[in-house]
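Below is one structure, written out as structure tokens; comments come after it.
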Amino acid sequence: MSDSTFYVTTPIYYVNDAPHIGHGYTTTIGDVLTRWHRQRGERVWYLTGTDEHGQKVLRKAQANGVSPQEWVDRLVENEWKPLLRTIDAANDDYIRTTEARHEAGAKAFWSALHEAGAVYKGSFSGYYSVGSEEFVADEYVADGEGDDAGHKVSTLDGSRLEHMTEENYFFRLSDYAERLLELYREHPEFVQPASARNEVVSFVERGLRDLSISRSTFDWGIKVPWDDKHVMYVWVEALLNYLTAAGYGVDQERFEELWPASIHLVGKDIVRFHAVIWPAMLMAAGLPVPQQVFAHGWLLVGGQKMSKSKANGIHPTELVDTFGSDAYRYYFTRALTFGSDGSISWEDIAARYTAELANGFGNLASRVAAMIGKYFDGALPASGEQTAAEQKVVDTVAAAVAEADAAIDAVAPQDAMTAVWRIVDELNGYLTEQEPWKVAKDEAQRDRLATIMATAAEGLRVLAVVLNPVMPKACAALWESLGAEGPLGPLADQRLDDVARWGQLPAGTPVTKGPALFPRLELDAPQA
RNA sequence: GGGGCGGUAGCUCAGCCGGUCAGAGCAGAGGACUCAUAAUCCUUGGGUCGUGGGUUCGAGCCCCACCCGCCCUACCA
């Protein structure tokens with residue numbers, strides 16, 4: 001694990017949609033995971049990007065009277081890249097499927113498939129909607145009524161359908177059912193969580209059909225290398241981004257460093273593409289499969305799956321404008337079980353902001369900094385003799401850090417936060433019990449007071465480091481408040497495997513009380 | 001039709017291979033304290049663990065049936 005790069009991907013988002021919190025969710029979790037691994041000192045590569053080809057994009061561009069390239073450029077610059085800044089994502093790369101490196105890599109991959117004999121020319125037949133210019137899956141085909149009697153119609157838009165046959169290239173997906181099942185058996189971690197794995201296994205057990213992987217009725221896509229009348233079917237082309245961004249076909253050295261990916265984060269709606277089609281294609285091309293495909297669940301707003309059509313779609317900006325990117329990141333990390341569906345609400349975000357961030361973590365930082373300022377003129381005192389109370393803090397911190405670290409490995413960021421919060425609670429309780437404000441009144445107990453302050457400051461030091469992957473802005477402010485950069489170096493360089501070692505902040509470190517990390521918010525009714 | 005996941009205190013959720021598993025957080029109630037962002041700390045919850053059967057010495061946790069919700073059952077992405 002540690003000798004190769006921890007390579008994490010989000011799906012590349014289809015530019016036709018506007019970003020919503022579902023996209024932000026996936027990207028946030030990936031960002032938390034990768035920041036955490038970076039602070040372990042691992043080599044990390046975090047990739048996200050956009051999927052920009054396909055008929056829908058073409059049509060949308062035409063409807064807006066611009067070229068598809070202009071259209072996607074506009075969306076990427078105005079919508080998608082800003083999302084990353086909004087949620088404070090630290091991705092290492094951003095792949096666009098309209099980039100030359102993607103086109104070159106995708107073509108190289110197709111050639112490899114072709115040479116391996118995994119592709120053949122065949123015909124795809126099905127019901128075609130002339131109105132919407134696309135094939136309609138059988139489940140959406142119904143017998144027409146009234147004027148349409150005697151014809152098939154689409155249940156999607158009611159348009160009349162014709163049975164058509166189109167010549168396409170096919171991928172021999174059916175050859176891979178056994179090998180895929182073997183993969184799932186031998187590597188149960190390949191598809192996670194178990195619910196997603198079950199779906200995938202049962203799907204494959206029913207047998208696989210070959211997959212039509214090219215289109216010839218429109219041209220907004222990457223041309224098939226040996227037949228420029230065809231463009232690659234956008235789904236299989238999009239999957240290739242994980243390879244092409246890693247340098248496949250254009251930078252072999254980089255590719256070998258990065259591939260195979262450690263985790264593909266995906267929504268559960270697209271798990272099949274990632275856990276069935278994708279590994280089969282890689283097998284066909286003679287490449288290793290990714291180590292894990294992790295499917296997360298839906299965000300439910302008011303008990304319903306979030307969607308624009310139900311008017312409960314929320315733009316990440318709405319939340320970030322009110323609560324800030326740190327709180328946004330914290331909320332999605334803490335409040336949801338990654339891999340399961342989960343409910344979110346404005347009220348819940350507000351409640352957690354107040355209870356956990358402002359009153360819990362933020363206030364803790366304030367009271368400690370205030371007391372060190374008041375009792376020691378802002379110079380961190382040297383700890384005196386430690387009692388059982390201090391030892392309990394030290395032990396709690398060590399256990400919490402270890403537990404959080406294990407949770408991150410299990411792709412359970414919510415459990416990592418639960419563990420870390422035990423430190424917050426322990427520290428708040430420690431201060432209440434030790435009553436340093438009373439100890440301060442007795443000059444004879446100066447040493448005891450110093451010990452309490454030093455212990456609390458050390459606890460904050462650990463929190464700043466451990467929470468930095470989730471809340472980089474607040475933790476930077478805390479690091480500043482602790483005056484830690486001088487003696488210990490930049491926050492991002494603090495290693496998680498060393499963070500629990502006690503007594504790192506030297507005596508004399510200048511502690512200052514800055515603005516509240518999470519100021520209390522006067523919140524009105526939800527905006528949405 | 002076949003399959004998957006879920007249905008646990010007002011709310012959001014934990015509960016691994018069955019035996020302190022009936023829990024946490026929040027909300028509500030009472031108390032303590034004052035360093036702090038009117039913050040913190042302590043105490044306080046008696047919820048048929050969807051319904052009905054069954055297996056077992058013992059079942060939220062296993063089996064069967066049923067009810068409810070969401071999802072998958074391939075080429076929109």
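As a basis for the values below, the full set of heavy atoms in this structure was taken, side chains included, without hydrogen atoms, waters or symmetry mates. Here is the naming used below: chain letters follow the sequence lines, and residue numbers restart at 1 for every chain.
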Rounded to whole angstrom units, what separation is found between the [atom1] atom of [X] and the [atom2] atom of [N]?
X: Ile277(A); N: A77(B); atom1: CD1; atom2: C1'; answer: 12 Å
X: Arg352(A); N: A27(B); atom1: CZ; atom2: P; answer: 11 Å
X: Gln414(A); N: U12(B); atom1: CD; atom2: C1'; answer: 13 Å
X: Leu364(A); N: A36(B); atom1: CG; atom2: C1'; answer: 9 Å
X: Leu173(A); N: A74(B); atom1: CG; atom2: C1'; answer: 9 Å
X: Phe361(A); N: G25(B); atom1: CZ; atom2: P; answer: 20 Å
X: Met371(A); N: U37(B); atom1: CE; atom2: P; answer: 11 Å
X: Ile270(A); N: C75(B); atom1: CD1; atom2: C1'; answer: 15 Å

Going by atom types alone, do [X] and [Y] pair a side-chain donor with an acceptor below 3.5 Å?
X: Glu237(A); Y: His53(A); value: yes
X: Glu390(A); Y: Tyr430(A); value: yes
X: Asp348(A); Y: Tyr331(A); value: yes

Look at the side chain of [X] and decide which nucleotide, out of [options], has an atom nearest to it.
X: Lys438(A); options: A74(B), C35(B), U34(B); value: U34(B)
X: Phe203(A); options: A39(B), A74(B), A36(B); value: A74(B)
X: Ser343(A); options: A77(B), U12(B), A36(B); value: U12(B)
X: Arg209(A); options: G3(B), A74(B), C70(B); value: A74(B)
X: Arg206(A); options: A36(B), G2(B), C75(B); value: G2(B)

message: I'd like to know if the side chain of Thr244(A) reaches the main chain of His102(A), judged simply by a donor and an acceptor atom lying under 3.5 Å from each other, with no hydrogens or angles considered.
response: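 Judged by distance alone, no pair lies under 3.5 Å.
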Touch class at under 4.0 angstrom, heavy-atom based, for [X] against every strand present:
X: Leu208(A); result: base
X: Arg197(A); result: nothing
X: Gly514(A); result: nothing
X: Ser366(A); result: base
X: Thr337(A); result: sugar-phosphate
X: Gly54(A); result: nothing

query: Phe518(A) or Asp210(A): which one's nearest nucleotide on RNA chain B is closer to the 5' end?
result: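 The answer here is Phe518(A).
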- line: Nearest-nucleotide check on RNA chain B, Ala194(A) vs Lys268(A); residue mapping nearer the 5' end is Ala194(A)
- request: Using the P atom as the reference point in each nucleotide, state the distance between A36(B) and U48(B) in Å, no decimals.
  value: 46 Å
query: What distance, rounded to whole Å, do you find between the two C1' atoms, one in C21(B) and one in G46(B)?
result: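 That atom pair is separated by 15 Å.
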- prompt: Do the ring planes of His296(A) and Phe338(A) sit parallel (below 30°), tilted (30 to 60°) or perpendicular (above 60°)?
  reply: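 Tilted, since the angle between the ring planes falls between 30° and 60°.
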message: Within this structure, what is the CG-NZ distance for the pair Asp227(A) and Lys223(A), rounded to the nearest 0.5 Å?
response: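 Interatomic distance, Asp227(A) CG to Lys223(A) NZ, rounded to 0.5 Å: 10.0 Å.
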- prompt: Side chain of Asn363(A), base of A36(B): donor and acceptor closer than 3.5 Å?
  reply: yes
- prompt: Has the side chain of Lys56(A) got a donor or acceptor atom sitting under 3.5 Å from an opposite partner on the base of C76(B)?
  reply: yes
field: G-U wobble or Watson-Crick pairing nucleotide for G23(B) (cut-off 3.5 Å, both distances)
entry: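 Pair assignment: G23(B) / C13(B).
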query: For C76(B), does OP1 or OP2 lie under 4.0 Å from any side-chain N or O of Tyr233(A)?
result: no
message: So, OP1 or OP2 of C35(B): does either fall under 4.0 Å of a side-chain N or O from Thr432(A)?
response: no
